[in-house]
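Read through the structure below, which is laid out as structure tokens, and then see the notes.
Chain naming here is simple, since letters A, B, ... match the order of the sequence lines and numbering starts at 1 in each. Please read these numbers as outputs of a predicted model, since none were measured by experiment.
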Amino acid sequence: MATLFRPAERWRNRALILFALVLFFFALVLPFGMAVLWSLVDPSHPWAYPNVLPPVLSFRRWVEIWTTTGLQQALVNSYTVALTVSIATILLALPTAFAFGRMEFRGKAAAQVLTLLPLAMPLFVLAIFYVTILSKLGIYSRFLGIAIGHTVCLLPYAIRLLTVSFSGVRQDLIDAARDLGASRLTVFRHAYLPVLKPGLLAALIIVFILSIEEFAISYIVGAPDFTTVPTILFSYLGYNFIRPSAAAVSLILVVPNVLLMLIAERLLKSAGASGAAGKG
Amino acid sequence: MVSDAPALRVENASLRYDRFQALNAVSFSARKGELVTLLGPSGCGKTTLLRAIAGFVPLDSGRVEIEGQDMAGIPPERRDTAMCFQSYALFPHLTVADNIGFGLRQKRLSGSAMTARVEEVAAQVRLSAQLERLPAQLSGGQQQRVALARAMAVRPGVMLFDEPLSNLDAKLRDQVRAEIRSLQRAQGFTAVYVTHDQAEALAMSDLVVVMRAGVVEQMGAPEDIYRRPANRFVADFIGTANIMAAKVVAEDRTNGLYKVATPLGEAVVRSDVPPVAPHVYLCWRPEDARIVSHHETGSLQTNIYRLQVRSRTYLGNLVDLEAGRGESDGESWRIQTHGLGHGASAVNPGDTMTIEIAPERFRFLNEAVT
């Protein structure tokens, strides 16, 4: 293997690998490690300055959070909202993405910029005015309020991702299918779907994760009676700042998302492979 | 009468994109079992015409008839055509068998009939052993044959080929070209074949339609197109041509003999067709000139020219010479002789040589010098 590269390239590769490792350490290993350690700090033995590691490790924080706070309900809330939001967002994004990815029309570039523009708005600002709109419309369900808010704010991501997918659909396959007498459904199944599948999955999972992690809308629309995991997390970072509890909640929030990302990655790979090699 | 009806008829097909006239009153027809090539440089409208025949592009005016039936308003999926795409357009997630059977499945053929037909066509293109493979596992040449088989499987009224060989390397291209032609003859399907490669067009076609800028420049059998090009564009596009502005100085129409003045010198031309104007373009091919040895020069009188060689390219089977009258200025002409032929191996740049061009080798183009 080593003979594949000349010495100069070998050194450059080593430097790049080292850089990646350092980045990985500071961006992931360190924060995660700290979060795990902090969440295991025993309430009666605080972790303070001279100690490099917590003096006593225990799961008491975890048990406390699980039994005494509204975390269980918050988890249910977060996941049902996210599921609703991701499905609704994908369905709503599809027509626009199709137009952007497969059609030519005047003002297309401007329209594409316009759909991305909402991303520039701070969500807090948006949320404050959004609440008044909700009450004007007579929508009092917190669940529905948060779900609609998330759907609207996450649409740009889904549109962007699906536009790329739609533009990856090969016109010659569409033509070939039609030329051989295929119905619209058959054209969709054989020319569109194999290419769209990875993008659909990616958009679904990314919107799902973004919805779970969203705080501003969930807090402003939902508080105080509809809690999600981020609202609970932020309650530990406010007046009553309890770092170990915050660490535990943030792990509960983040770990499933990281796992989801990994699953998404696998799905994307297998979907991509089935596009080229698998029977579908 | 019925048997004489063309399998495909295109009449006055015109199409305009904004300011660009893609097709301008194009007409041609293909009889059953004929292979017609649409030949021309890129942007000449040949692919647009093919897509119009398939139904992907609606015409502004004119009509397309397939087996006597007007195709106006009929979408691609209901036309009796099957296209071989330049990119092959194989479904990457389907096996070779499923790709070949794709059109048959749309026709709702029974399972056993479909399998039988798929196997039959696969055998014709020598893919019987690859039926369970996926396109990505095949070579370029094999993918090309899958595309061909997929189109053939449905027994279309007209097969459409969109530069099917352009993604193959040179050697494979010749082989697949011969294969397509022999399959076409054996199966007797009617085909329209788009290419920008004049060698491909000459080798394969029953009829060549030469197009430029949406207009048909000339239509005819390969020999006609090559030997009797209508104008400078066709002469130059098909093969290599020496084109000279000529002035008719004497004519004997009854015997078809003309004396003309050209930059090469005075020439005697034998032609069944009289020139269209006193000032007319005259064309000859590089292989029309014969290098004459010193001892025969005395016995020859007509169309003998002394030229100085400016460059010499050895092509293996041929030697390609560029020669002119003067040292290095003025017009020059291309001359090709067989590598083994007389004199060519002895001729080097700077040498003077004598060539002879037989009177019937010259060809008047239907294009006056303006």
Side-chain angles (χ1 to χ4, degrees), chain A residues 98-99 101-109 162 164-204 264-280, chain B residues 17 47 50-51 53-57 74-109 132-138 146-147 149-156 158-164 167:
Chain A
F98 176 83
R102 301 238 46 94
M103 291 160 77
E104 287 307 324
F105 52 89
R106 279 173 65 114
K108 179 170 150 180
L162 292 175
V164 174
S165 294
F166 270 112
S167 58
V169 174
R170 285 169 53 185
Q171 186 62 42
D172 63 340
L173 291 188
I174 299 172
D175 289 349
R178 291 188 66 193
D179 192 51
L180 291 163
S183 64
R184 275 163 190 265
L185 188 68
T186 311
V187 171
F188 179 76
R189 265 192 30 207
H190 290 286
Y192 284 90
L193 201 56
V195 183
L196 289 186
K197 221 167 19 181
L200 280 171
L201 276 169
L204 204 69
E265 184 75 16
R266 288 295 290 269
L267 280 170
L268 284 180
K269 269 193 186 136
S270 68
S274 87
K279 202 168 166 169
Chain B
Y17 294 120
T47 299
L50 195 77
R51 292 179 65 79
I53 295 169
F56 293 123
V57 183
I74 297 183
E77 52 269 34
R78 300 219 329 267
R79 293 193 184 194
D80 193 13
T81 59
M83 195 185 282
C84 260
F85 291 83
Q86 185 172 14
S87 58
Y88 314 142
L90 302 178
F91 299 104
H93 58 291
L94 297 181
T95 61
V96 169
D98 286 343
N99 263 290
I100 296 178
F102 191 92
L104 301 170
R105 183 165 285 128
Q106 312 315 318
K107 292 191 164 186
R108 313 217 181 280
L109 233 65
E132 292 313 310
R133 300 261 185 93
L134 289 164
Q137 298 168 299
L138 303 179
V146 177
R150 183 177 67 181
M152 270 168 47
V154 295
R155 298 184 210 275
V158 183
M159 283 272 277
L160 305 173
F161 292 90
D162 184 11
E163 308 215 17
N167 288 324

CA sep, side-chain torsions, deciding dist, call: B/Arg150, A/Leu180, side chain to side chain contact (heavy atoms under 4.5 Å, CB included):
CA-CA 9 Å; B/Arg150 183 177 67 181; A/Leu180 291 163; 3.5 Å; yes

Applying a strict 4.5 Å limit to non-hydrogen atoms, the region of B/Arg105 in contact with chain A is neither

If one checks every heavy atom of B/Leu90 against chain A at 4.5 Å, the contacting part turns out to be backbone

When the 4.5 angstrom heavy-atom criterion is applied to A/Arg178 and chain B, the contacting part is both

Angle between ring planes, A/His190 versus B/Phe102, binned at 30° and 60°: parallel, tilted or perpendicular? perpendicular

message: Test side chain to side chain contact (heavy atoms under 4.5 Å, CB included) on B/Glu77 and A/Val187; report intermediate values, then the result.
response: CA-CA 11 Å; B/Glu77 52 269 34; A/Val187 171; over 6 Å; no

Q | Sub-4.5 Å side-chain heavy-atom contact between A/Asp175 and B/Arg51 | A | yes

Can you establish whether the number of heavy atoms outside A/Arg102 located under 6.0 Å from its atom CZ is more than 12? yes

Highest number of heavy-atom pairs under 4.5 Å with chain B among A/Asp179, A/Leu173, A/Ile174 belongs to A/Asp179

Rounded to the nearest 0.5 angstrom, the OG1-CD distance for A/Thr186 and B/Gln106 is 4.5 Å

